[in-house]
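All values below were derived from every heavy atom in this structure, side-chain atoms included, with hydrogens, water molecules and symmetry-related copies excluded. As the structure is a prediction and not an experimental result, all values here were calculated from the model.
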Amino acid sequence: MIGEEAMINYENFLKVGEKAGPKCKQFFTAKVFAKLLHTDSYGRISIMQFFNYVMRKVWLHQTRIGLSLYDVAGQGYLRESDLENYILELIPTLPQLDGLEKSFYSFYVCTAVRKFFFFLDPLRTGKIKIQDILACSFLDDLLELRDEELSKESQETNWFSAPSALRVYGQYLNLDKDHNGMLSKEELSRYGTATMTNVFLDRVFQECLTYDGEMDYKTYLDFVLALENRKEPAALQYIFKLLDIENKGYLNVFSLNYFFRAIQELMKIHGQDPVSFQDVKDEIFDMVKPKDPLKISLQDLINSNQGDTVTTILIDLNGFWTYENREALVANDNENSSDLDDT
């Protein structure tokens with residue numbers, strides 16, 4: 001024992017392997033032992049870590065088989081309808097979803113499947129590799145819902161939880177003022193803090209799939225996933241396509257000015273002091289440090305780790321205001337926390 005951690009050396013590890021029988025033989029190898037060997041001076045591994053390793057391997061194997069049953073074409077991919085069937089049949093096995101009304105199942109499945117396709121099918125081919133599904137963390141999040149004791153915090157941060165799915169769908173219904181099941185540009189403009197620019201919303205409706213100029217729930221989910229995950233490459237790719245008005249594959253001074261002008265107009269309407277575009281443009285180029293000093297590519301944006309800040313500055317007045325006043329806000333937070341410490 002090391003503290004409360006039970007350890008085992010290689011010799012005893014092999015003995016356990018013999019007793020465990022042929023079914024477990026694949027796990028009791030020198031390779032697995034070496035993989036789990038860290039800094040123990042006696043050359044031992046943690047029994048619990050080994051147990052968790054085996055459980056994970058078995059789970060991945062079972063899940064791969066489970067997913068493969070839905071691979072109708074047998075090519076190692078799942079299409080949207082295949083993944084929808086998988087998740088629909090998974091719902092009854094997840095205690096955290098017990099409270100969902102049957103009538104909501106189709107919306108829940110659509111909400112869950114969209115996250116997989118938004119992040120794992122960036123080229124929008126309509127199919128995802130089973131290997132990619134297993135490699136990402138989304139299945140872990142989904143299967144976390146088997147835990148009957150899942151904390152409220154975990155549920156709120158898990159896209160696949162019932163509260164999260166109901167929140168997203170509830171927001172969609174609230175925005176849909178004329179109750180026709182679709183969102184117009186005017187209805188979408190009230191999303192979040194209702195401070196996104198008209199220019200950006202125009203681009204959303206130009207580039208995204210719409211029906212008679214209105215957005216359906218599936219298209220809305222892509223929009224939400226992009227705006228709620230702005231640090232992620234797939235989300236930046238979505239927003240970059242909207243910002244790239246000339247479809248050149250890069251942002252230049254013209255495109256930055258095109259979007260920032262709309263921020264300046266909103267500032268005037270709200271009685272705020274206008275900010276010079278020249279200053280903002282210089283700040284953006286300083287933050288991103290693109291390879292070409294006159295152009296910002298999607299890869300530049302991703303590599304800079306500032307993509308979320310840059311996109312927020314260009315599309316959302318509230319986001320720009322928060323960025324502009326970040327130092328004052330930090331100072332305010334510090335004062336509030338020191339006040340709390342005093343009390």
For Glu207, side-chain contact (heavy atoms from CB on, under 4.5 Å) partners two or more places apart: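 By the side-chain contact (heavy atoms from CB on, under 4.5 Å) rule, Glu207 matches Arg203, Lys241, Leu242.
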Pairing residues for Ala20 by the side-chain contact (heavy atoms from CB on, under 4.5 Å) criterion, not counting sequence neighbours: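 Scan of Ala20 (side-chain contact (heavy atoms from CB on, under 4.5 Å), adjacent residues dropped) gives Cys24, Phe28.
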Gap separating the OG1 atom of Thr312 from the CD atom of Gln306, nearest 0.5 angstrom: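 Spacing of OG1 (Thr312) from CD (Gln306) equals 11.0 Å.
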Atom pair CE/CG of Met196 and Leu201 - distance to nearest 0.5 Å: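 Interatomic distance, Met196 CE to Leu201 CG, rounded to 0.5 Å: 5.0 Å.
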What salt bridge (Lys or Arg N to Asp or Glu O under 4.0 Å) pairs are there with at least one residue in [range], not counting sequence neighbours?
| range | answer |
| --- | --- |
| residues 183-196 | Lys185-Asp202 |
| residues 135-144 | Arg56-Asp140 |
| residues 71-95 | Arg79-Asp82, Glu80-Arg114, Glu80-Lys218 |
| residues 92-108 | none |

Qualifying ring-ring contact (aromatic ring centres under 6.0 Å, His included) pairs with a residue from [range], counting only residues at least two apart or across chains:
| range | answer |
| --- | --- |
| residues 260-286 | Phe260-Phe320 |
| residues 73-102 | Tyr70-Tyr86 |
| residues 172-206 | Tyr172-Tyr217, Tyr172-Tyr220, Tyr191-Phe223 |

Taking [Y] as the starting point, is it possible to reach [X] by hopping between hydrophobic residues whose side chains are less than 4.5 Å apart?
| X | Y | value |
| --- | --- | --- |
| Val16 | Tyr42 | no |
| Leu67 | Val72 | no |
| Ile302 | Tyr250 | no |
| Phe27 | Phe51 | no |

Asp216 side-chain N/O to Thr219 backbone N/O, donor-acceptor pair under 3.5 Å: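 It does hold such a pair.
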Asn158 side chain vs Ser154 backbone, donor-acceptor pair below 3.5 Å: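 No; judged by distance alone, with no hydrogens or angles, the pair does not exist.
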Plane angle bin for Tyr238 and Phe118 - parallel if under 30°, tilted between 30 and 60°, otherwise perpendicular: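 The rings of Phe118 and Tyr238 sit tilted, inter-plane angle from 30° to 60°.
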Heavy-atom pair with the smallest gap, counting every atom of Ser184 and Glu214: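 Looks like CB-OE2, 3.2 Å.
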Distance-minimising heavy-atom pair for Phe160 and Leu145: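 Closest heavy-atom pair between Phe160 and Leu145: O-CD1, 3.2 Å.
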Any residue meeting ring-ring contact (aromatic ring centres under 6.0 Å, His included) with Phe33, in chain and number order, not counting sequence neighbours: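 Phe33 satisfies ring-ring contact (aromatic ring centres under 6.0 Å, His included) with Tyr10, Phe13 once adjacent residues are dropped.
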ring-ring contact (aromatic ring centres under 6.0 Å, His included) between Phe104 and Tyr169, worked out: CA-CA 10 Å; Phe104 185 65; Tyr169 186 61; 5.5 Å; yes
Distance flag, aromatic centroids of Phe138 and Phe119, threshold under 6.0 Å: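 Phe119 vs Phe138: aromatic centres under 6.0 Å.
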For residues 128-135, dump all side-chain donor-acceptor pairs below 3.5 Å to protein atoms at least two apart in sequence or in another chain.
none

Criterion side-chain contact (heavy atoms from CB on, under 4.5 Å) on Leu314 and Ile284, from CA distance to verdict: CA-CA 10 Å; Leu314 295 171; Ile284 288 175; 4.0 Å; yes
With a 3.5 Å cut-off and sequence neighbours excluded, list the donor-acceptor pairs that the side chains of residues 288-301 form with protein atoms.
| unit_1 | atom_1 | unit_2 | atom_2 | d |
| --- | --- | --- | --- | --- |
| Lys289 | NZ | Asp286 | O | 2.8 |
| Asp292 | OD1 | Leu294 | N | 2.8 |
| Ser297 | OG | Gln299 | N | 3.4 |
| Ser297 | OG | Asp300 | N | 3.1 |
| Ser297 | OG | Asp300 | OD2 | 3.0 |
| Gln299 | NE2 | Asn303 | OD1 | 3.0 |
| Asp300 | OD1 | Lys291 | N | 3.4 |
| Asp300 | OD2 | Ser297 | N | 3.0 |

